[in-house]
Amino acid sequence: MVNVEDLISLVLRTGVLSGVVITSIGFFTSSEVAWLGVLVLILTPFMRVIMAGLYFLSRKDTVYAALAAYVIMILVIGSFLHII
Amino acid sequence: MVVHRSRKPVEKEMVGLDPSLVALAILMFGIFAGSLGAMLGLGGGVLMIIFLLLALNIPAHQAVALSLIAVIASSSMAGSVYIKDRMTNLRLAMVLEAFTVSGAVAGAFLALSLPVSAIQALLGCVLFYTSVTMFRERKEECFESSGSGFLQGEFYDERACATVKYEVKNLKLGAVASLIAGAVSGIVGIGGGVIKVPIMNIVMKIPIKAAAATSNFMVGVTAAASAVIYFQSGLVDLHLAAPTILGIMVGAYIGTRLLAKSKSVVLRRLLAVVLAFFGMILLLKAGGLLAW
């Protein structure tokens with residue numbers, strides 16, 4: 001059984017390092033690759049929110065699962081608002 | 001509200017500077033800011049935004065966007081260590097980050113329609129405030145607590161060789177502070193720890209180490225919430241993103257190694273004076289009294 005803390009730690013580290021590597025490759029190749037790298041970096045903290053949300057959901061801890069869902073909802077709204 | 005729909009290419013307004021020279025400068029400064037930030041418990045964002053705005057003359061919204069990217073990288077990296085060491089209060093973070101994230105989205109939207117002078121003025125005030133908090137001694141008080149009740153937490157204090165238990169008080173005030181910290185973060189491109197940590201420590205009665213770790217943990221998602229708006233508006237300079245992220249991360253790594261339990265009061269005070277100086281510069285610029 002993996003601890004939620006260790007899982008979050010892993011998600012954060014993997015996400016940031018992938019973001020750095022992809023963005024750096026993009027620096028020498030194309031801005032499309034750099035764009036992808038920045039996107040990976042920005043989405044990393046949200047991945048850990050999803051992880052924590054799923055963990056609390058599996059423990060029937062609905063208050064914290066709802067809080068995670070709210071944060072994700074705000075992100076989605078934020079990313080669409082610029083189109084209006 | 002002004003909404004930037006087009007993904008317009010980032011304008012280069014840096015006077016006569018070679019783009020690769022700018023990238024190199026950002027990389028070098030990022031290493032400096034990252035290591036100093038890690039040593040003094042100051043997020044790299046504060047130093048990064050000053051450098052981008054005043055040294056490189058990058059347009060305000062783009063500077064804020066790049067600084068937010070740096071903040072996400074450094075806070076996520078540090079956050080992964082703190083939570084592995086069980087310093088972070090995950091439940092408390094999840095409650096408060098609902099507020100920081102709401103503030104961040106509102107702040108980023110507000111910032112896009114704000115004039116540059118308003119952003120400079122707010123950043124100037126934040127720098128003064130940061131300077132004041134750095135002059136204060138960082139005491140590590142004892143919080144006697146049974147460690148029971150809502151949102152209680154505990155962590156192992158390496159220096160004291162003991163498990164510290166604490167209860168969280170005044171959650172409402174903490175929520176308000178988080179909302180404000182999030183909005184400021186979205187407008188000026190800093191993490192906002194400087195606003196949250198003193199409130200969490202003094203008002204919410206959370207031991208400083210747990211407060212710092214928990215605040216840092218929230219900073220990543222807070223900066224990401226506003227960064228996504230700048231990113232979608234085409235304000236993240238993709239050429240400068242790599243040196244920004246790489247620099248701050250290498251710096252944070254070095255800073256953590258150099259930390260070695262150093263409590264450099266002189267360094268803190270020196271930086272406090274530097275921040276106050278740039279705070280004044282920004283306020284003068286905002287008032288149109290200084291053309292830098």
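In what follows, chains are A, B, ... by sequence order, proteins preceding strands, each numbered from 1. Only a predicted model underlies this, so the values are computations on that prediction, with no experimental measurement involved.
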Checklist entry - Between B:Phe217 and A:Arg48, is there a cation-pi geometry (under 6.0 Å to ring centre, at most 45° from the normal)? => result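 So A:Arg48 does make the cation-pi contact.
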Do [X] and [Y] come within less than 4.5 Å of each other through their side chains, counting heavy atoms only?
X        : Y        : result
A:Tyr64  : B:Val95  : yes
B:Ile69  : A:Val38  : yes
B:Met249 : A:Leu17  : yes
A:Val33  : B:Leu238 : no

Output the distance between atom [atom1] ([X]) and atom [atom2] ([Y]), rounded to the nearest 0.5 Å.
X       : Y        : atom1 : atom2 : answer
A:Leu43 : B:Phe231 : CG    : CZ    : 8.5 Å
B:Ile72 : A:Leu12  : CD1   : CG    : 11.5 Å
B:Glu97 : A:Leu67  : CD    : CG    : 8.5 Å
A:Leu41 : B:Thr244 : CG    : OG1   : 10.5 Å

Item to check | Neighbour count >12 (heavy atoms, 6.0 Å) for atom CE, A:Met73 | outcome: yes
Checklist entry - In terms of heavy-atom contacts, does CZ of B:Phe99 have more than 12 from other residues, nucleotides or ligands at under 6.0 Å? => result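 No, CZ of B:Phe99 has 12 or fewer neighbouring heavy atoms, counting only those of other groups under 6.0 Å.
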Next on the checklist: Given 3.5 Å as the limit, does a donor-acceptor pair link the side chain of A:Glu5 with the main chain of B:Ile83, or not?
Outcome noted: no
Item to check | Sole residue of B:Val250, B:Leu246, B:Ile248 in side chain to side chain contact (heavy atoms under 4.5 Å, CB included) with A:Val20 | outcome: B:Leu246
Checklist entry - Considering residues at least two apart in sequence or located in another chain, which fulfil the side chain to side chain donor-acceptor pair (under 3.5 Å) criterion with A:Asp6? => result B:Arg86
Checklist entry - Which of the residues A:Val4, A:Val49, A:Ile42, A:Thr44 is involved in the greatest number of heavy-atom pairs with chain B at under 4.5 angstrom? => result A:Ile42
Item to check | Proximity breakdown for A:Val11 and chain B, heavy-atom pairs closer than 4.5 Å | outcome: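 No part of A:Val11 comes within 4.5 Å of chain B.
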At their closest point, which heavy atom of [X] faces which heavy atom of [Y], and how far apart are they?
X       : Y        : value
A:Ser9  : B:Ser80  : OG-O, 2.7 Å
A:Phe46 : B:Ala224 : CE1-CB, 3.4 Å
A:Ser79 : B:Gln232 : O-NE2, 3.0 Å

Item to check | Under 4.5 Å from a heavy atom of chain A, the part of B:Ala104 involved | outcome: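 The answer is neither part of B:Ala104.
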Checklist entry - Which bit of B:Val105 comes within less than 4.5 Å of chain A, counting heavy atoms only: side chain, backbone, both or neither? => result side chain
Next on the checklist: Checking side-chain polar atoms at under 3.5 Å, does B:Ser102 have a donor or acceptor matched by the opposite partner on A:Tyr70?
Outcome noted: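 Present: a donor and an acceptor within the cut-off.
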Item to check | Intermediate values then yes/no, side chain to side chain contact (heavy atoms under 4.5 Å, CB included), A:Val63 and B:Met94 | outcome: CA-CA 10 Å; A:Val63 173; B:Met94 292 191 68; over 6 Å; no
Checklist entry - What parts of residues 22-31 of chain A touch chain B if we use heavy atoms and a cut-off under 4.5 Å? => result A:Thr23, A:Ser24, A:Phe27, A:Ser31
